[in-house]
**Q** 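Got a structure here, written out as structure tokens. Questions coming.
Lettering follows sequence order; numbering is per chain, from 1.
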Amino acid sequence: MPDRGESIYEQRLAKLTKLRQRGVEPYPHRYHRSHTTQDVVFLFQDLEKEGKTNPETVFQVAGRIAALRGMGKATFMDIRDGWGKIQAYCRADALGKEEYAAIKDLDLGDIVGIEGRAFRTHTGEITLEVSQATLLSKSLLPPPEKWHGLRDVEIRYRQRYLDLMANQEARQAFVTRSRILAAMRRFLDGRGFLEVETPILLPQAGGAMARPFQTYHNALDCQLYLRIATELHLKRLIVGGFERVYEIGRIFRNEGISTRHNPEFTSLESYQAYADYNDVMAIVEEMVCHLAKEVLGTATITFKEHQIDLTPPWRRITLRQAILEHCGIDFPAFPDAQSLREEMLRRGISVEEWKGRGKLVDELISTFVEPNMIQPTFVLDYPVELSPLAKRKPEEPHLVERFEGFMGGMEIANAFTELNDPLEQRERFREQLRQREMGDEETETLDEDFLTALEHGMPPTGGLGMGIDRLAMLFTGQPSIRDVILFPMLRQKE
RNA sequence: GGGCCGGUAGCUCAGCGGUAGAGCACCUGACUUUUAAUCAGGGUGUCCUGGGUUCGAUCCCCAGCCGGCUCACCA
């Protein structure tokens, strides 16, 4: 027996050594599992319904020992696998001295295979009476506490496997996230969209106003950037004749980290030829509602004490009206950066000098509009300065056909009728460069290759961007983005 | 980057200017249908790190590291 004073690790390491000395392999290569724990429960219930309360069927299940209750010459353990858990019951007289001693030597956290018949205990729990137990992987470190689970958020993020072992809610959030993605692909595939993959490493990062990560390619001896959006490449594919494309993928922005921001996050972007932003709006509300019904079984979600009803049609409000309602500024009345800045200052909103009119309006949106958008809302028609890739409204040329979708106080979608006039696009890029010269570090860069693509002719197109992480937050009720990203960005330890 | 809060046993946490505490986990013993099993016994520790104050610091002070929330920035 291990001496007191030895760490749990040392005790278990000693057990492992002893097992090897006895010729027992603590890390065997495979195990024949006949059923999952969930299968056993369902099958046993079916057998019971047929009146077979003591079935002969022998099951082999495998999983981690999640709880151990030793009773002397009997031992109970909970075996957890990817589908659920089942109780195992070991009796000394049924197993023989040696076999039972080996079971007594198992530890919490070990992965085992157990074989036996199912029965119900006096307290009614479906249980496997173990006729054979096989160690499949010795665990050297103890699992997190069984009752309180793992609370330490730092360990939950850094050692996510412990979080997944200990906290079923955490596990469920990631299952939900995965199901959202799967349902989203089915939805888009069913509407004739083609899923594509475009480059992550690029000579220049465009398609959004954000700071990129930089890296370097040795063989090509050139500076590269990680993409900040998939937009410009997807539109090249529209030019090429793929009329409905989408990409679900990771994009990277070299900006702050918060409960709503991770440096790498997952976006959906889709582009549909011969559609405009009204068509995209219809798809977004239909898709999000459909996803909720498919994944959660309901069109009403709960987020931060809010009940959010996703049933279409969603509320539509112009940006002008939204800003007017929430902060009293009628922004079209201030046609240039200086007058708008003065008006904002008059109302006690301080803003950086370098910000152009577009960025000032953006500030009003994020400060006053976004936090108040709880129920699903489309905010329409943005100033052209803020949207260099979107097409103007024919009747109001200082605005573009763009909308953002908000809910739960977060922006989840951004879409527009795509600008396909190559000459105007070039001019818009030039304006962005002027903003950059004014000190704005987050502007579009002029992408000559993209302009060439537009010069070959892009059909009228409706485009969409959606933040998958935020959608997952809403669907799982998690107020922090870190709880829907398996391995969120944290500072390196030491 | 700023502000606030936190870091004590494997986990969840309490505590205090004077040799470090509880529950779970772990170890020893009892127990053949238990299930947060129970009962008896055992504390297993770089009190985040480094300085300082002090007779004495886990506690007080300073600096740093890591995390959370928040503001700023963004999606």
**Q** Expressed in whole Å, how much space separates the P atoms belonging to C13(B) and C48(B)?
**A** 15 Å

**Q** Does a donor on one side chain sit under 3.5 Å from an acceptor on the other, for Gln435(A) and Glu431(A)?
**A**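 Yes, Glu431(A) and Gln435(A) have a side-chain donor paired with an acceptor closer than 3.5 Å.
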
**Q** With a 3.5 Å limit on both atom pairs, tell me what G1(B) is paired to, counting Watson-Crick and G-U wobble, or say none.
**A**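 Paired with G1(B), as far as the under-3.5 Å criterion goes, is C71(B).
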
**Q** Which pairs pass ring pair (Phe, Tyr, Trp, His ring centres under 6.0 Å) with one or both residues in residues 55-76 of chain A, sequence neighbours excluded?
**A** His35(A)-Phe59(A), Phe76(A)-Tyr89(A)

**Q** Can you find a heavy atom in the side chain of Met344(A) that is under 4.5 Å from one in the side chain of Leu364(A)?
**A**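 They are in side-chain contact.
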
**Q** Contact list please: residues 92-102 of chain A against RNA chain B, heavy atoms, distance less than 4.0 Å, in numerical order.
**A** Asp93(A)

**Q** Any strand is fair game: report the nucleotide pairing with A30(B) by Watson-Crick or G-U wobble, both distances under 3.5 Å, or none.
**A** U38(B)

**Q** Could you let me know what C60(B) is paired to, Watson-Crick or G-U wobble, both distances under 3.5 Å, or none if it's on its own?
**A** G52(B)

**Q** What's the gap between C26(B) and C4(B) when it is taken at their P atoms, as a whole Å value?
**A** 42 Å

**Q** Between A9(B) and G21(B), how far apart are the two C1' atoms, rounded to whole Å?
**A**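 My reading of the C1' atoms in A9(B) and G21(B) gives 10 Å.
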
**Q** For the pair made of CD in Glu154(A) and C1' in U8(B), what is the distance, rounded to whole Å?
**A** 15 Å

**Q** If you find the nucleotide of RNA chain B closest to Lys355(A) and the one closest to Phe119(A), which residue's nucleotide is nearer the 5' end?
**A** Phe119(A)

**Q** Got a sec, which residues hit side-chain contact (heavy atoms from CB on, under 4.5 Å) with Ser139(A), two or more places apart in sequence or on another chain?
**A**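 Partners of Ser139(A) by the side-chain contact (heavy atoms from CB on, under 4.5 Å) criterion, ordered by chain and then number, come out as Arg12(A), Asp110(A).
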
**Q** Hydrogens and angles aside, do Gln204(A) and Thr445(A) bring a side-chain donor and acceptor to less than 3.5 Å of each other?
**A**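 Yes, because at least one side-chain N or O of Gln204(A) sits under 3.5 Å from a partner of the opposite role on Thr445(A).
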
**Q** Residues of residues 131-153 of chain A with any non-hydrogen atom less than 4.0 angstrom from an atom of RNA chain B: list those, numerically ordered, please.
**A**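 Contacts with RNA chain B under 4.0 Å: Pro142(A), Glu145(A), Lys146(A), Trp147(A), His148(A), Gly149(A), Leu150(A), Arg151(A), Asp152(A), Val153(A).
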
**Q** By side-chain contact (heavy atoms from CB on, under 4.5 Å), which residues pair with Phe265(A), not counting sequence neighbours?
**A**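 Once residues adjacent in sequence are excluded, the partners of Phe265(A) under the side-chain contact (heavy atoms from CB on, under 4.5 Å) criterion are Ile251(A), Arg253(A), Asp469(A).
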
**Q** Among His233(A), Glu269(A), Glu247(A), which residue satisfies the side-chain hydrogen bond (donor to acceptor under 3.5 Å, both in side chains) criterion with Thr198(A)?
**A**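 Of all the options given, the one that passes is Glu247(A).
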
**Q** Which residues in residues 378-391 of chain A have at least one heavy atom lying under 4.0 Å from any atom of RNA chain B?
**A**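 Output list: empty, so none.
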
**Q** Tell me the partner of A25(B), counting only Watson-Crick (N1-N3 plus N6-O4 or O6-N4) or G-U wobble (N1-O2 and O6-N3) with both under 3.5 Å; none if nothing fits.
**A**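 Its partner is U44(B).
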
**Q** Indicate, with a heavy-atom threshold strictly under 4.0 Å, whether Asn262(A) touches base, sugar-phosphate, or nothing.
**A** base

**Q** Considering residues at least two apart in sequence or located in another chain, which fulfil the salt bridge (charged side-chain N to carboxylate O under 4.0 Å, His left out) criterion with Glu48(A)?
**A** Arg120(A)

**Q** Using side chain to side chain donor-acceptor pair (under 3.5 Å) as the criterion, list what pairs up with Asn167(A), not counting sequence neighbours.
**A** Asp163(A)

**Q** Have a look at Glu125(A) and say if it touches a base, only the backbone sugar-phosphate, or nothing, with a 4.0 Å heavy-atom cut-off.
**A**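 Answer is base: heavy atoms of Glu125(A) come under 4.0 Å of a base.
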
**Q** Give me the distance, rounded to whole Å, that separates G2(B) from A63(B) when you measure between the P atoms they each carry.
**A** 12 Å

**Q** Determine the contact category for Ile412(A): base if any of its heavy atoms lies under 4.0 Å from a base atom, sugar-phosphate if only primed atoms, P, OP1 or OP2 are that close, otherwise nothing.
**A** nothing

**Q** Between atom CG in Leu128(A) and atom P in U33(B), what is the gap in whole Å?
**A** 18 Å

**Q** Could you tell me the separation between the CE atom of Met165(A) and the C1' atom of C11(B), rounded to a whole number of Å?
**A**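 Interatomic distance, CE of Met165(A) to C1' of C11(B): 13 Å.
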
**Q** Let me spell it out: for each of Ile257(A) and Ala208(A), pick the nucleotide of RNA chain B with the closest heavy atom. Which residue's pick is nearer the 5' end?
**A** Ile257(A)

**Q** Please report, rounded to the nearest Å, how far the C1' atom of G43(B) is from the CD1 atom of Ile8(A).
**A** 12 Å

**Q** Could you measure between the two P atoms, the one in A36(B) and the one in U19(B), and give it in whole Å?
**A**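 Per the computed distance, 39 Å lies between those P atoms.
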
**Q** CZ of Arg158(A) versus P of G7(B): gap in Å, rounded?
**A**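 After rounding, the gap between these two atoms is 17 Å.
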
**Q** Please indicate whether Lys104(A) has more than 12 foreign heavy atoms, meaning atoms of other residues, nucleotides or ligands, lying under 6.0 Å from its NZ.
**A**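 Atom NZ in Lys104(A) is crowded, with more than 12 foreign heavy atoms closer than 6.0 Å.
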
**Q** Identify, with sequence neighbours excluded, every residue that meets side-chain contact (heavy atoms from CB on, under 4.5 Å) alongside Lys355(A).
**A** Glu352(A), Lys359(A), Leu360(A), Glu363(A)

**Q** Please measure how far the P atom in U12(B) lies from the corresponding atom in G52(B), and state the result in whole Å.
**A** 33 Å

**Q** side-chain contact (heavy atoms from CB on, under 4.5 Å) with Ile111(A): which residues, sequence neighbours excluded?
**A**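 Expected list: Arg64(A), Leu136(A), Ser137(A).
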
**Q** Mind checking if Leu162(A) touches a base, just sugar-phosphate, or nothing, with heavy atoms under 4.0 Å?
**A** nothing

**Q** Using a 4.0 Å heavy-atom cut-off, does Glu363(A) contact any base of the nucleic acid, only the sugar-phosphate backbone, or nothing at all?
**A**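 The answer is sugar-phosphate, as Glu363(A) gets under 4.0 Å only of primed atoms, P, OP1 or OP2.
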
**Q** Starting at atom CD1 of Ile155(A), determine the distance to atom C1' of C13(B), rounded to an integer number of angstrom.
**A** 13 Å

**Q** Side-chain N or O of Thr259(A) versus OP1/OP2 of U70(B): is the shortest distance under 4.0 Å?
**A**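 Yes, such a contact exists.
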
**Q** Nearest whole Å is fine: how far is C26(B) C1' from Asp105(A) CG?
**A** 14 Å

**Q** Reckon Arg260(A) touches a base, only the sugar-phosphate, or nothing at all at heavy-atom distances under 4.0 Å?
**A**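 If one applies the 4.0 Å heavy-atom cut-off, Arg260(A) turns out to touch a base.
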
**Q** Can you check the distance between G67(B) and U8(B), where both ends of the measurement are the C1' atom (answer in whole Å)?
**A**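 Approximately 16 Å lies between the C1' atom of G67(B) and that of U8(B).
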
**Q** So what does Ser480(A) touch, heavy atoms closer than 4.0 Å: a base, only the sugar-phosphate, or nothing?
**A** sugar-phosphate

**Q** Does the side chain of Arg177(A) pick up a donor-acceptor pair with the side chain of Thr266(A) at under 3.5 Å?
**A**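 Checked: Arg177(A)/Thr266(A) side chains pair up, N/O donor to acceptor below 3.5 Å.
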
**Q** Are any non-hydrogen side-chain atoms of Leu399(A) and Leu319(A) less than 4.5 angstrom apart?
**A** no

**Q** Does the side chain of Thr318(A) pick up a donor-acceptor pair with the side chain of Asp381(A) at under 3.5 Å?
**A**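 Distance-only check fails for Thr318(A) and Asp381(A).
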
**Q** Give me the distance, rounded to whole Å, that separates U53(B) from G6(B) when you measure between the C1' atoms they each carry.
**A** 24 Å

**Q** Within residues 62-86 of chain A, which residues have any heavy atom lying less than 4.0 Å from an atom of RNA chain B?
**A**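 Result for residues 62-86 of chain A: Arg69(A), Gly70(A), Met71(A), Gly72(A), Lys73(A), Ala74(A), Phe76(A), sorted by number.
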
**Q** Does a nitrogen or oxygen in the side chain of Arg491(A) sit under 4.0 Å from OP1 or OP2 of G67(B)?
**A**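 Yes.
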
**Q** Between G10(B) atom P and Arg156(A) atom CZ, what is the distance in whole Å?
**A** 21 Å

**Q** Would you say Arg160(A) has more than 12 foreign heavy atoms packed within less than 6.0 Å of its CZ?
**A**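 Counting neighbours around CZ of Arg160(A), more than 12 heavy atoms of other residues, nucleotides or ligands fall under 6.0 Å, so yes.
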
**Q** Show me the pairs that pass ring pair (Phe, Tyr, Trp, His ring centres under 6.0 Å) and involve residues 368-391 of chain A, at least two apart or across chains.
**A** Trp314(A)-Phe378(A), Phe378(A)-Phe403(A)

**Q** Kindly say if Arg482(A) contacts the phosphate of G68(B), meaning a side-chain N or O under 4.0 Å from OP1 or OP2.
**A**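 For Arg482(A), the contact criterion (side-chain N or O under 4.0 Å from OP1 or OP2 of G68(B)) is met.
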
